[in-house]
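So that the names make sense, note that chain A is the first sequence line, chain B the second, and so on, each numbered from 1. Below, each value reflects all heavy atoms present in this structure, side chains not excepted, and no hydrogens, waters or symmetry copies.
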Amino acid sequence: MSSPRASLSGFPELLPDQHIVEQHVVDTLRHTFELHGFAGIETRAVEPLDQLLRKGETSNEVYVLRRLQAEAGEADAGMGLHFDLTVPFARYVLDNAGKLEFPFRRYQIQKAWRGERPQEGRFREFTQADIDVVDRDELPFHFDVEVARVMAEGIAALGDLLPPMRLRVNNRKLIEGFYRGIGAPDPSRVITIIDKLDKLPAQAVADLLIEEGGLTDAQAKQCLQLAEIEAADVGFADQVRSLAVTDPLLETGIDELVSVVEGCASVNSDRFQVVASLSLARGLDYYTGTVFEIYMDGFENLKSVGGGGRYDALASDGKTSYPGVGISFGVSRTLLPLIGRGLLRGSRSVPSAVLVALADEESRDTSNAVAQRLRANGVAAEVAAAPQRFGKQIRYAERRGIPFVWFPGAEGAADQVKDIRSGDQVEADPGSWTPPGDDLRPAVLKEDP
RNA sequence: GUGGGCGUAGCUCAGUCGGUAGAGCGCCGCGUUGUGGUCGCGGAUGUCGCGGGUUCGAAUCCCGUCGUUCACCCCA
């Protein structure tokens with residue numbers, strides 16, 4: 001099967017047997033989110049530009065809405081397509097604060113748009129799956145653990161369809177407290193510089209820390225030592241403390257990060273691992289505590305395929321603030337590279353499990369009746385388009401991946417159903433026959449690289 | 001948004017020095033008209049991404065554009 005196609009750069013479109021993969025993943029995530037009591041919502045595609053651009057989000061390329069019949073020189077509508085689901089959600093919470101029950105747990109699986117240059121795994125239109133919890137005034141910390149666990153379960157529920165994933169976790173309080181503790185003049189500046197560690201060599205980052213971060217050689221070295229710490233268990237805490245920096249915020253951050261790592265311990269497996277990663281910073285400035293990023297083994301070139309964190313001040317009406325914590329999974333970013341490389345595809349291009357053969361046009365009613373009886377039992381069935389030779393009707397099914405062909409019995413003979421993969425053909429009654437469970441619906445097939 | 005590579009049949013690709021387009025797979029037909037796949041025989045693959053330019057002549061050279069991909073940037 002071919003790569004995802006796009007007649008417009010960055011706006012991918014899938015073929016039916018590719019779309020099945022995305023549908024399956026979305027359905028699985030939704031099921032897990034709902035098992036955990038998250039309520040589904042959908043927000044409008046459009047937000048006022050001042051909402052989208054606040055918080056210094058100027059770096060995001062926003063698509064702006066404009067009427068086709070606008071007068072020349074007329075200003076745009078002041079609205080743009082949302083570029084993520086977190087900012088619209090914060091707005092939604094403020095708009096509906098009087099009607100929502102807090103803490104409010106929601107999932108949201110929707111398209112988002114960014115006007116950036118496309119690349120593999122990076123699109124102008126893409127689907128994200130977000131879960132967030134918000135509360136009024138205060139949000140208990142255990143929700144930081146919960147959102148990580150729920151997303152981990154959702155991904156784990158996909159079995160081995162996706163490559164192994166790593167959830168890297170850090171804490172803004174920890175690193176800010178550390179930088180403050182060593183006497184850094186501008187801790188937040190240090191965060192943005194440290195964030196470059198994955199593309200610049202350590203020495204270059206150290207130079208930046210000294211030149212732009214205003215640190216001494218010794219301070220820069222301490223920052224790099226902190227950033228090197230990575231552990232799949234709470235052992236990272238001792239490593240941080242061995243650096244002998246003291247600061248109350250640092251201690252809070254260590255405690256919080258320990259809680260997340262401990263709380264997620266039971267979701268660890270060979271396919272999903274939670275790792276404390278002290279170099280993780282994330283570019284967005286609204287995160288105030290826990291920060292997450294999801295990485296997919298073997299696809300490090302994609303950078304993170306998901307991310308999120310705790311934001312204590314994203315939504316506020318002036319009197320009340322609505323702190324939240326959430327995590328987002330990049331459905332398009334993850335799946336389209338896998339689909340495009342042929343690693344994932346649907347087992348068939350149509351939902352039909354059965355093609356009911358058509359002997360001649362006069363017996364179309366008979367074949368239709370068979371299909372209706374199958375459908376009544378939940379078996380997806382279609383009737384052959386034309387009364388071609390049965391060999392061609394079988395081929396019609398084979399092309400689409402339909403596993404069974406049904407032959408209505410002629411002149412009182414019993415009906416027969418043929419498994420076209422094995423060639424086995426047996427008598428069957430359309431009122432009671434069902435295919436093996438695996439064949440009832442299209443499945444997602446995984447091919448090893 | 002900046003810079004580089006690539007774009008030929010449904011797919012993977014070849015195409016020499018500029019001389020008017022090929023292979024494999026797949027597809028269609030027939031052998032076999034109510035049972036596909038194997039095999040045999042036959043057939044069609046096409047705006048050489050698109051537009052313009054140079055030339056007697058362009059898939060080939062030049063420019064632009066669109067798509068794609070990589071690196072920046074940024075992030076899902």
Side-chain angles (χ1 to χ4, degrees), chain A residues 1-13 15 25 29 57-62 82-87 108-130 151 165 192 195-196 198-200 280-285 291-296 299 301-309 326-337 340-342 355 357-360 363 367 384 387-411 413 416-425:
Chain A
M1 198 42 70
S2 57
S3 301
R5 286 159 189 281
S7 53
L8 285 176
S9 180
F11 294 85
E13 294 182 324
L15 291 168
V25 170
L29 291 174
E57 292 279 349
T58 49
S59 59
N60 277 304
E61 281 289 343
V62 174
H82 60 232
F83 54 81
D84 72 1
L85 303 181
T86 306
V87 170
Q108 191 171 347
I109 301 172
Q110 269 182 258
K111 291 275 168 69
W113 295 266
R114 292 183 194 177
E116 293 166 359
R117 184 85 153 237
Q119 237 169 277
E120 185 184 34
R122 179 172 134 179
F123 310 98
R124 288 175 167 168
E125 176 178 73
F126 56 95
T127 301
Q128 281 185 274
D130 277 39
M151 188 59 80
M165 298 277 187
T192 59
D195 196 33
K196 297 182 187 301
D198 61 342
K199 46 195 148 182
L200 291 180
L280 184 65
R282 282 186 76 68
L284 297 177
D285 60 3
V291 286
F292 304 108
E293 279 191 354
I294 305 172
Y295 286 81
M296 183 158 65
F299 292 82
N301 59 308
L302 297 178
K303 305 298 179 190
S304 66
V305 300
I327 186 162
S328 168
F329 180 71
V331 174
S332 303
R333 178 166 234 173
T334 304
L335 258 29
L336 268 49
R341 297 183 191 193
L355 175 75
L358 183 64
D360 46 50
S363 52
S367 292
Q388 293 176 294
R389 280 168 40 204
F390 282 173
K392 292 192 179 179
Q393 297 191 35
I394 291 170
R395 192 167 65 190
Y396 172 104
E398 186 180 32
R399 294 282 154 71
R400 290 161 176 77
I402 301 172
F404 294 96
V405 176
W406 193 282
F407 298 101
E411 297 167 9
Q416 296 196 329
V417 64
K418 179 188 187 80
D419 181 333
I420 65 172
R421 296 158 301 189
S422 64
D424 294 343
Q425 185 165 337

Next item on the list: Counting Watson-Crick and G-U wobble pairs only, both distances under 3.5 Å, name the nucleotide matched with B:C27, or none.
Entry: B:G43
Margin query: Using Watson-Crick or G-U wobble geometry with both distances under 3.5 Å, which nucleotide pairs with B:C17?
Written below: none
Next item on the list: For the pair A:Q393 (side chain) and A:Q388 (backbone), establish whether a donor and an acceptor sit closer than 3.5 Å, ignoring hydrogens and angles.
Entry: yes
Check: B:G4 P sits how many Å from A:Q119 CD, rounded?
Finding: 16 Å
Next item on the list: Measure the spacing between CZ of A:R124 and CZ of A:R114 and express it to the nearest 0.5 Å.
Entry: 13.5 Å
Check: Rounding to the closest angstrom, what is the interatomic distance between B:A23 and B:A44 at atom C1'?
Finding: 16 Å
Check: Partners of A:A112 by side-chain contact (heavy atoms from CB on, under 4.5 Å), sequence neighbours excluded?
Finding: A:H82, A:F126, A:Q128
Check: Taking C-beta and beyond as the side chain, do A:K418 and A:I394 meet within less than 4.5 Å on heavy atoms?
Finding: yes
Check: Expressed as a whole number of Å, how far does the C1' atom of B:C72 sit from that of B:G19?
Finding: 43 Å
Next item on the list: Sticking with atom P, work out how far B:G40 lies from B:G26, rounded to a whole angstrom.
Entry: 12 Å
Margin query: Just the rounded figure in Å: distance from P of B:A71 to CD of A:E120.
Written below: 9 Å
Next item on the list: Round to a whole Å and report the spacing from CZ of A:F292 to P of B:C75.
Entry: 18 Å
Notebook entry, point to check: Nearest 0.5 Å, what's the OG1-CE distance between A:T334 and A:M165?
Noted result: 5.0 Å
Next item on the list: Sticking with atom C1', work out how far B:G24 lies from B:C63, rounded to a whole angstrom.
Entry: 36 Å
Next item on the list: Please check if the side chain of A:T127 supplies one atom and the backbone of A:S332 the other of a donor-acceptor pair under 3.5 Å.
Entry: no
Next item on the list: In whole angstrom, give the distance that lies between atom CD of A:E13 and atom C1' of B:U68.
Entry: 15 Å
Item checked: N/O donor-acceptor pair, side chain A:R114 with base B:A76, under 3.5 angstrom -> yes
Item checked: Complementary nucleotide for B:G67 - Watson-Crick or wobble, under 3.5 Å -> B:C6
Note to self: With a 3.5 Å limit on both atom pairs, tell me what B:U60 is paired to, counting Watson-Crick and G-U wobble, or say none.
What the structure shows: none
Next item on the list: Report yes if at least one side-chain N or O of A:R117 is closer than 4.0 Å to OP1 or OP2 of B:U69; otherwise report no.
Entry: no
Margin query: Looking at A:R122, I'd like to know whether one of its side-chain N or O atoms comes within less than 4.0 Å of OP1 or OP2 on B:C72.
Written below: no
Check: A:H82 has an atom NE2; how far is it from atom P of B:A76, in whole Å?
Finding: 14 Å
Next item on the list: Check step by step if side-chain contact (heavy atoms from CB on, under 4.5 Å) holds for A:D130 and A:D84.
Entry: CA-CA 9 Å; A:D130 277 39; A:D84 72 1; over 6 Å; no
Note to self: Base, sugar-phosphate or nothing for A:T334? Non-hydrogen atoms, less than 4.0 Å.
What the structure shows: nothing
Check: With A:R399, which residues qualify under salt bridge (Lys or Arg N to Asp or Glu O under 4.0 Å), at least two apart?
Finding: none
Checklist line | Length of the CG-C1' vector between A:L29 and B:A76, whole Å | finding: 13 Å
Notebook entry, point to check: Rounding to the closest angstrom, what is the interatomic distance between B:C25 and B:U38 at atom P?
Noted result: 12 Å
Next item on the list: Using the C1' atom as the reference point in each nucleotide, state the distance between B:C75 and B:G36 in Å, no decimals.
Entry: 49 Å
N/O contacts under 3.5 Å, protein versus nucleotides 34-38 of chain B?
| unit_1 | atom_1 | unit_2 | atom_2 | d |
| --- | --- | --- | --- | --- |
| B:U35 | O2 | A:K418 | NZ | 3.1 |
| B:U35 | O2 | A:Q425 | OE1 | 3.3 |
| B:U35 | N3 | A:Q425 | OE1 | 3.1 |
| B:U35 | N3 | A:Q425 | NE2 | 3.4 |
| B:U35 | O4 | A:Q425 | NE2 | 3.1 |
| B:G36 | O4' | A:G391 | O | 3.3 |
| B:G36 | O6 | A:I420 | O | 3.4 |
| B:G36 | N1 | A:I420 | O | 2.4 |
| B:G36 | N2 | A:E398 | OE2 | 3.1 |
| B:G36 | N2 | A:I420 | O | 3.1 |
| B:G37 | N2 | A:I420 | O | 3.3 |
| B:G37 | N2 | A:R421 | O | 3.0 |

Checklist line | For atom NZ of A:K303 and atom P of B:C73, their distance in whole Å | finding: 9 Å
Checklist line | Between B:A14 and B:A21 - C1' atom distance, rounded Å | finding: 11 Å
Next item on the list: Grab the CZ-C1' distance between A:R341 and B:C11 for me, whole Å please.
Entry: 19 Å
Notebook entry, point to check: Do A:S363 and A:D360 get their side chains close enough for a donor-acceptor pair, meaning under 3.5 Å?
Noted result: yes
Checklist line | Nucleotide forming a Watson-Crick or wobble pair with B:C73, both distances under 3.5 Å | finding: none
Checklist line | B:G4 and B:G42, which share atom name C1', separated by this distance in whole Å | finding: 47 Å
